[in-house]
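Working notes, beginning with the structure itself.
Numbered from 1 within each chain, the chains take letters A, B, ... in sequence-line order. Only heavy atoms go into these numbers, but all of them, side chains included; no hydrogens, no water, no symmetry mates. Everything numeric here is computed off the predicted structure, so don't read it as measured data.
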2 protein chains.
Amino acid sequence: MNYPSRLIEDAVGEISRLPGIGKKTALRLALHLLKREEQQSRSLAEAIVNMRTKTTYCIKCHNIADHELCNICSNPKRDASIICVVVDTRDVLAIEATSQFKGLYHVLGGIISPLEGIGPSDLNIDSLVSRVEQKDETDQVEEVILALSPTMEGDTTAFYLQKKLKSSGVKVSTIARGVPIGGDLEYADEITLGRSIVSRVAYD
Amino acid sequence: MNYPSRLIEDAVGEISRLPGIGKKTALRLALHLLKREEQQSRSLAEAIVNMRTKTTYCIKCHNIADHELCNICSNPKRDASIICVVVDTRDVLAIEATSQFKGLYHVLGGIISPLEGIGPSDLNIDSLVSRVEQKDETDQVEEVILALSPTMEGDTTAFYLQKKLKSSGVKVSTIARGVPIGGDLEYADEITLGRSIVSRVAYD
């Protein structure tokens, strides 16, 4: 497209590098900012740079944190004997929102994907193994829950982690796969439906 | 949501002030930037601030411009006798992309909308009237094409502009309304279909 100014072209170019934002949307956002107070653009730019340059990660679980330990790892009320392994911060937020998990997390920072050139060494796997294998009295890990997406990459990562954690002797589990609550049986795909029968749960 | 860090919360807050971007999308974009090089966030922030603080507008048509006059107004090959009135820069880009218009533009900068408190005095209407009424030999305007959306606000603005321009004696026209090319008659709404019959075009 033939942009009316180099400044607009630069801004559209940078904004459209974000995932899911094309040139048209980027132009809409740029023109929106042009109509608003200058302060809004400055605050946006400042928040982005601050976030990128000052964000630190929890030394224990690798979640984003304001301090050395994140709010969850530093909370004495959390159950340190269960670790839930997730891909990124969004998964932590999603599970926290359910209020069903009181243990700690371990953020892998990605998922094993040979196609994208991401191998086990690019992820926070060694530190997970150390956490699980450490034998001091206070932080004895008893169970590791793998909360990964049921995709090929997720299954590959889960398989790799199971092998890595086997020697430690801790229980390794995965979140349940099944028909979503509120979902209609008719519309569930065959694999999900099949798995939900195999993993059926007995009434108490 | 309970964000893991104040920096993330600030960034999500600022990003989600953009139109069409909610908190979830903002978080996705923020986490994306965190995974990329620091330079990408800096370039994005810089491009936004540069655009907002340094963008200038054409003194003639009010389109975004790098110089005093925009590329279109300063192009001697454009036909200065026809002015196409549009709401914003996106409309200029859309019409330019058709290669069907060789005249000049006039960017209103908005549309009359009593609900949003936007009246004629908030738009670049006086300067349009001056452009049309000026009687020097070189830039004699012969026709004004109103290219506004067929909404209530667009029709209100078109009606207001017609009245304002009547005394000047120039021809005022509007872009054609009708069934879109490639569109199926069956799916055209009644008003569009009705208008396409009233405004039918005779074969040569």
Side chains of [X] and [Y] in contact at under 4.5 Å (non-hydrogen atoms):
{"X": "B:Leu44", "Y": "A:Arg17", "value": "no"}
{"X": "A:Leu27", "Y": "B:Arg90", "value": "yes"}
{"X": "A:Leu93", "Y": "B:Pro4", "value": "yes"}
{"X": "B:Ile64", "Y": "A:Leu31", "value": "yes"}

Can you tell me how far apart [atom1] ([X]) and [atom2] ([Y]) are? Round to the nearest 0.5 Å.
{"X": "B:Ile21", "Y": "A:His32", "atom1": "CD1", "atom2": "NE2", "result": "9.5 Å"}
{"X": "B:Leu7", "Y": "A:Thr55", "atom1": "CG", "atom2": "OG1", "result": "4.5 Å"}
{"X": "B:Lys54", "Y": "A:Ser5", "atom1": "NZ", "atom2": "OG", "result": "11.0 Å"}
{"X": "A:Asn50", "Y": "B:Glu14", "atom1": "CG", "atom2": "CD", "result": "11.0 Å"}

Leading residue by heavy atom contact count with chain A [cutoff under 4.5 Å; candidates [options]]:
{"options": "B:Cys58, B:Gly13, B:Ala30, B:Gly20", "answer": "B:Ala30"}
{"options": "B:Val12, B:Asn71, B:Asn63, B:Thr53", "answer": "B:Thr53"}
{"options": "B:Glu46, B:Gln40, B:Lys24", "answer": "B:Gln40"}
{"options": "B:Leu18, B:Val49, B:Leu34, B:Asp10", "answer": "B:Leu34"}

Could you check which of A:Lys35, A:His67, A:Arg36 has the highest count of heavy-atom pairs closer than 4.5 Å to chain B?
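The candidate making the most pairs under 4.5 Å is A:Arg36.
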
Heavy-atom pair count under 4.5 Å with chain B, highest-scoring of A:Gly110, A:Ala97, A:Ala47, A:Cys70:
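Heavy-atom pair counts peak at A:Ala47.
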
Under 4.5 Å from a heavy atom of chain A, the part of [X] involved:
{"X": "B:Glu37", "result": "backbone"}
{"X": "B:Ile72", "result": "neither"}
{"X": "B:Glu96", "result": "neither"}

Just by distance, do the side chain of A:Arg52 and the backbone of B:Leu33 share a donor-acceptor pair under 3.5 Å?
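Here the side-chain-to-backbone pair exists.
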
Kindly check if the number of other-residue, nucleotide or ligand heavy atoms within 6.0 Å of CZ (B:Arg177) is above 12?
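Correct, the count exceeds 12.
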
Are B:Thr89 and A:Ile8 close enough, and set up right, to give a side-chain contact (heavy atoms from CB on, under 4.5 Å), and what steps lead you there?
CA-CA 11 Å; B:Thr89 295; A:Ile8 300 285; over 6 Å; no

